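Please read all numbers here as calculations on a predicted model, not as lab measurements.
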Amino acid sequence: MDRRQVLKTLALGAASIPLVQATALADVSPSMPVVKVKDPAAAAPVAPAAPTGPFTLPPLGYAFDALEPFLDAQTMQIHHDKHHAAYVTNLNKAVTGRPEVEGWPVERLMHDLAVVPEDIRTAVRNHGGGHANHSLLWKSLKKDGAKAPKGELSEAINAAFGSFAGFGEKFTAASMSVFGSGWAWLSKDAQGIVRIETTPNQESTLTAGRVPIVGIDVWEHAYYLKFQNRRAEYVAAFASVIDWDAASARYKDAH
């Protein structure tokens, strides 16, 4: 084969390279940057899962940073969107498909816990309590809310503790006394008398027949990002954002 025939053969071979292969070779040329095209489907937002039971996560009702500098935005977001959401999910798992209790509101579940079927009672106590307690918590906080109770609640606090300041001292002491995880409460009994009490974990005062008026969550997830192990500082900050107008209305409406 002479030189002319060799060159002809090579030319024919080059022409037979598939277009897609030639394009790929061109894409990695040193003079041209490689551009990666994302799959449009992969970039599409994922729709939130539909509720799988009777209970839903209530909205926080205000921005995550609305209680700054007392309670930080990151904690509020995780506390609401992760912890409270998990209680709702697990409560739904417990009651779905159980006609004995599936239509009950969470307040009845907690009040009548003794008649909840035994095989789901612990789950309802833990996750129903978590849902009920946190639903009340979010509605009890406001940065520029009333700083003291009024009306009937003010009278009940003065009768029980001597003064609002006396209540504050005892409520702080109760909050600090909780060993491990739990809550401290201002609650109302059937006679309208208020008391300070504590509950472990996510147990509710409703189970004991008392209506919660104000509750402070002293689980570490409620304060550890900002305050670490300084629970006393958290309790003081929490007291600065209690909405006493909401608490006074709750006391008046409670039966």
Please test T75 against L71 for side chain to side chain contact (heavy atoms under 4.5 Å, CB included), starting from the C-alpha separation and ending with a verdict.
CA-CA 7 Å; T75 296; L71 303 182; over 6 Å; no
Please determine whether side chain to side chain contact (heavy atoms under 4.5 Å, CB included) holds for the pair F64 and D72, giving the CA-CA distance in whole Å, both sets of side-chain angles, and the decisive distance to 0.1 Å.
CA-CA 8 Å; F64 295 121; D72 63 289; over 6 Å; no
Side chain to side chain, P149 and F164, heavy atoms closer than 4.5 Å
yes
Using modelled atom types only, decide if a donor and an acceptor are shared between the side chain of K252 and the backbone of L153 within a distance under 3.5 Å.
no
With side chain to side chain donor-acceptor pair (under 3.5 Å) as the criterion, how do N92 and T89 come out once you've worked through the C-alpha distance, each side chain's angles and the decisive distance to 0.1 Å?
CA-CA 5 Å; N92 280 331; T89 297; 6.0 Å; no
Quick check on the hydrophobic clustering: are Y87 and L206 connected, directly or via other members, by side-chain heavy-atom contacts under 4.5 Å?
no
Is it possible for you to say whether V124 and V106 belong to one hydrophobic cluster, with membership spreading through side-chain heavy-atom contacts below 4.5 Å?
yes
dist E233:CD -> F227:CZ (nearest 0.5 Å) comes out at 6.5 Å
Between D65 (side chain only) and E68 (backbone N and O only), is there a donor and an acceptor less than 3.5 Å apart?
no
Please tell me if the side chains of I196 and F167 come closer than 4.5 Å, counting only heavy atoms from C-beta onward.
yes
Taking all non-hydrogen atoms of both residues into account, name the closest pair between A123 and A94 and its distance.
CB-CB, 3.9 Å
Which atom names give the shortest non-hydrogen contact between P58 and S135, and what distance separates them?
CG-OG, 3.8 Å
Between V214 and I193, is there a shared hydrophobic cluster once you connect ILVMFWY residues whose side-chain heavy atoms come closer than 4.5 Å?
no
Rounded to the nearest 0.5 Å, what separates atom CD1 in I216 from atom OG in S140?
11.0 Å
Under 3.5 Å, side chain of Y62 to main-chain N/O of W138, donor-acceptor pair present?
yes
All ring pair (Phe, Tyr, Trp, His ring centres under 6.0 Å) counterparts of Y223, not counting sequence neighbours:
Y234
To which residues is L225 joined in a hydrophobic cluster, defined by side-chain heavy-atom contacts under 4.5 Å among Ile, Leu, Val, Met, Phe, Trp and Tyr, whether direct or through other members?
I78
Kindly assign one of parallel, tilted or perpendicular to the pair H131 and H84, based on the angle between their ring planes and the thresholds 30° and 60°.
tilted
Between K188 (side chain) and Y251 (backbone), is there a donor-acceptor pair under 3.5 Å?
yes
Interatomic distance, NZ@K93 vs CD1@I120, rounded to 0.5 Å, equals 14.5 Å
Enumerate, atom names and distances included, each donor-acceptor pair closer than 3.5 Å involving a side-chain atom of residues 237-246, sequence neighbours excluded.
{"residue": "S240", "atom": "OG", "partner": "A236", "partner atom": "O", "Å": "3.4"}
{"residue": "D243", "atom": "OD1", "partner": "D245", "partner atom": "N", "Å": "3.2"}
{"residue": "D245", "atom": "OD1", "partner": "K150", "partner atom": "NZ", "Å": "3.3"}

Taking distance alone, no hydrogens or angles, what donor-acceptor pairs closer than 3.5 Å link side-chain atoms of residues 177-187 to residues at least two apart or in another chain?
{"residue": "S177", "atom": "OG", "partner": "A174", "partner atom": "O", "Å": "2.7"}
{"residue": "W183", "atom": "NE1", "partner": "Q202", "partner atom": "OE1", "Å": "3.0"}
{"residue": "W185", "atom": "NE1", "partner": "T199", "partner atom": "OG1", "Å": "2.9"}
{"residue": "S187", "atom": "OG", "partner": "E197", "partner atom": "OE2", "Å": "2.4"}

Looking at every heavy atom in both K139 and R250, which two are closest together, and how far apart are they?
O-NH2, 3.8 Å
Can you tell me how far apart CZ (F55) and NE2 (H127) are? Round to the nearest 0.5 Å.
13.0 Å
May I ask you to decide if L113's main-chain N or O and R108's side chain share a donor-acceptor pair within less than 3.5 Å?
no
Examine distances only and state if a side-chain atom of S204 and a backbone atom of M110 form a donor-acceptor pair shorter than 3.5 Å.
no
Is there a side chain to side chain contact (heavy atoms under 4.5 Å, CB included) between R98 and D119 once you walk through the steps?
CA-CA 11 Å; R98 302 303 295 261; D119 63 315; 2.8 Å; yes
What pairs with H221 under ring pair (Phe, Tyr, Trp, His ring centres under 6.0 Å), at least two apart in sequence or on another chain?
H79, H83, W219
Tell me the closest heavy-atom pair linking G215 and L136, and the distance in Å.
N-CD2, 4.2 Å
Hey, what do you get for OG1 (T198) to CE (M176), rounding to the nearest 0.5 Å?
13.5 Å
Looking at L91 and L109, what are the two nearest heavy atoms and their distance?
CD1-CD1, 4.2 Å
Looking at Y224 and R230, would you say the former's side chain and the latter's main chain have a donor-acceptor pair under 3.5 Å?
no
So, using ring pair (Phe, Tyr, Trp, His ring centres under 6.0 Å) as the criterion, who are the partners of H111 when residues are at least two apart?
none
Tell me if a side-chain donor or acceptor on D112 pairs with a main-chain N or O of V115 at a distance below 3.5 Å.
no
Counting heavy atoms not belonging to K143, are there more than 12 under 6.0 Å from its NZ?
yes
Minimal non-hydrogen separation, N158 against S163, with atom names
OD1-CA, 3.4 Å
Is a side-chain donor or acceptor of K226 paired with a backbone partner of Q74 at a separation under 3.5 angstrom?
no
